[in-house]
K.L.:
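Quick one: the structure is below, and I'll ask about it shortly.
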Amino acid sequence: MLKTCANPWCRQPFEITEDDREFSEKISPVIAGKTIPIPPPDHCPDCRQQQRLSFRNERKLHKRTCDLTGETIISMYPAGAPFPVYSTAGWWSDKWDARDFGRDIDFSRPFFEQLAELCIKVPRLQNVGTSDMKKMNSEYVNFAGWNKNSYLIFDSDYNEDCSYSNVIKHSKDCIDCSYVSGSQLCHECVDCTDCYALDHCQRCGNCNTGIFLLSCTGCSDCAFSCNLVSKKYCLWNEQLTKDDYTRRLKQLMDESTMDDLMERFHQFSLAYPRKFCAVVQAEDSSGDYITNAQRCSTCFNIGEAQDLRYCDSVYRAKDCMDVSSFGEGIERVSNSGTIGHGSAGIHFCFDCVSSCADLLYCLQCHQTKNCFGCAGFRSGNYCILNKQYSKDEYETLIPKIVEHMRSTKEWGQYFPLSMSPFPYNETVAQEYFPLTKEEVLKRAWKWKDESDEIPKVDRIIPANQLPDSIDQIPDDILNWAIECDATKRPFRIMKQELHFYRQMHVPVPRLHPDERHRRRMALRNPRKLWKRECAKCHKSMATSYAPDRPEIVYCEECYLKEVY
Ligand SMILES: [Zn+2]
Ligand SMILES: [Zn+2]
């Protein structure tokens, strides 16, 4: 069935296959033995993803007080948010109960209106993640857990001494990295696994001591090279002796600025073919950045997954459709974001984790089962709009509510964007579906202009006045603020950061951390597939490299033949 996206600004045609329909029926909720079918979507996959992501503010943190204890906390919600925000300890304490906010369903009014009224009464948890952030000296993190001495890392777990990064896992001493795991001493790296001491590298695995490498595997002491496997002392893909390598690399680094090197390497890399997509061991699957998956279609950033459709950033999951983040043993989840840790049977929800089961239209619930339209439960069962019912009452009421929502055209829709507590431009949606302020306001969504506090420092120095070599940077820089070259936003250097730059022998950054993040993310391919021909065998393929991009793109077979 070919449909047109219902969003008036989109109107993109999209297909719902017979297969999609059967799949959605298979994972639909069952109440009292009766399946309540999830209706086919009215919106295209992009608009669905955008809507889910607009509920996720990963990176914007605020200092404010906890509305329960009065202590100062770092929260994704600013002071003055229309709902109470509790510190992690306060939220998890027995000083309050989500059932206190319970209310009757009113069949004369739309459901979302009633849910939105409930949501501004129920206390919210300061951030998403584990409760030990303060103890672990990692207060400035979000959607993160088990991190030690880390600062401004997001969607990241099990790291130590890492900062200014996102989606990094099991790593140590890394700064300015995205999608990096099992690595140490890495700087400005993207999509690297099990690497050590790399700077400005992308799509590398098992590499050690390198600068400006692209798609290299098992290499050490290499620089400015692409598609190398198990090499040592290569510069510009040329095999050198150890002495020549050391001498020529030093000369190159001494006589060029970082910006020149970046541009030179980019031009150099265009002569080397790229693999059509970053997929490894993906059977019957389509999308990009996929590792070990079976029967996953139109998925991005997924791994250890079976039978997923239109999912992004989901690991260890099966039978899910339209889910954004994060997995760890989830099953039968649809139209939801931030669902994880053994949850199953979750539909139209946001941030429901820790063995939740059979939830519909719930937000920020933990260890909760059989609930509809609830918020802020730490353990709940048979509740609607936070009001407690018996099992029988619950099972009788749900079909009536669904019927009511069908009549108001709400059933099958995700939470309206007006329910997101965040300005659009501070959510992950802006990263993948960037809009201008005018476009956002035209759609009646929220926008907030960026404003930085003037830092209390000795002086603010424009980035272009900084010496290029780290050797010439005095300790005094810790008392200054730097004015970003691109955005003019001020930012500061921390002590552990300066130590890292000296250890890695890399220059002090000239761009604000947000701008660094934006540029790193721009190095990754978009969550979109195009038809394009393999540049070698001319086979047609679905690739995340748009046809007008300058890279040479090969199909899997041709790429492997070329590199190995
Ligand atoms: Zn659309
Ligand atoms: Zn080919």
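Atoms within a ligand are numbered from 1 in the order they appear, just like the ligands themselves. Keep in mind the model is a prediction, meaning the values are calculated, not measured.
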K.L.:
Decide if the gap between the ring center of Y424 and the ring center of F433 is smaller than 6.0 angstrom.
P.N.:
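Distance test on ring centres: not under 6.0 Å, no.
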K.L.:
Which of parallel (below 30°), tilted (30 to 60°) and perpendicular (above 60°) describes F422 and Y77?
P.N.:
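Answer is parallel, since the angle falls under 30°.
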K.L.:
Determine the interplanar angle of the F348 and Y361 rings, folded into 0 to 90°, and report it as parallel if under 30°, tilted if 30 to 60°, perpendicular if over 60°.
P.N.:
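Parallel: the ring planes of F348 and Y361 meet at under 30°.
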K.L.:
Please state whether the rings of W9 and W445 are parallel, tilted or perpendicular, taking 30° and 60° as the class boundaries.
P.N.:
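Rings of W9 and W445: perpendicular, over 60°.
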K.L.:
Indicate if the distance from the Zn ion (ligand 2) to the nearest N, O or S atom of H538 falls below 2.8 Å.
P.N.:
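No.
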K.L.:
Parallel, tilted or perpendicular: which one describes the rings of W236 and F265, with boundaries at 30° and 60°?
P.N.:
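Correct class here is tilted.
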K.L.:
Partners of K437 by salt bridge (Lys or Arg N to Asp or Glu O under 4.0 Å), sequence neighbours excluded?
P.N.:
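Applying salt bridge (Lys or Arg N to Asp or Glu O under 4.0 Å) to K437 gives D449.
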K.L.:
Please work out the angle at the Zn ion (ligand 2) defined by atom SG of C555 on one side and atom SG of C537 on the other, rounded to 10°.
P.N.:
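Between SG of C555 and SG of C537, at the Zn ion (ligand 2), the angle is about 110°.
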K.L.:
How about the Zn ion (ligand 1), which protein N, O or S atoms come within less than 2.8 Å?
P.N.:
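The answer, once waters are left aside, is C5 SG, C10 SG, C44 SG, C47 SG.
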K.L.:
Kindly state whether the ring of Y414 and the ring of F55 have centres lying under 6.0 angstrom apart.
P.N.:
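Judged by ring-centre distance (under 6.0 Å), Y414 and F55 do meet the cut-off.
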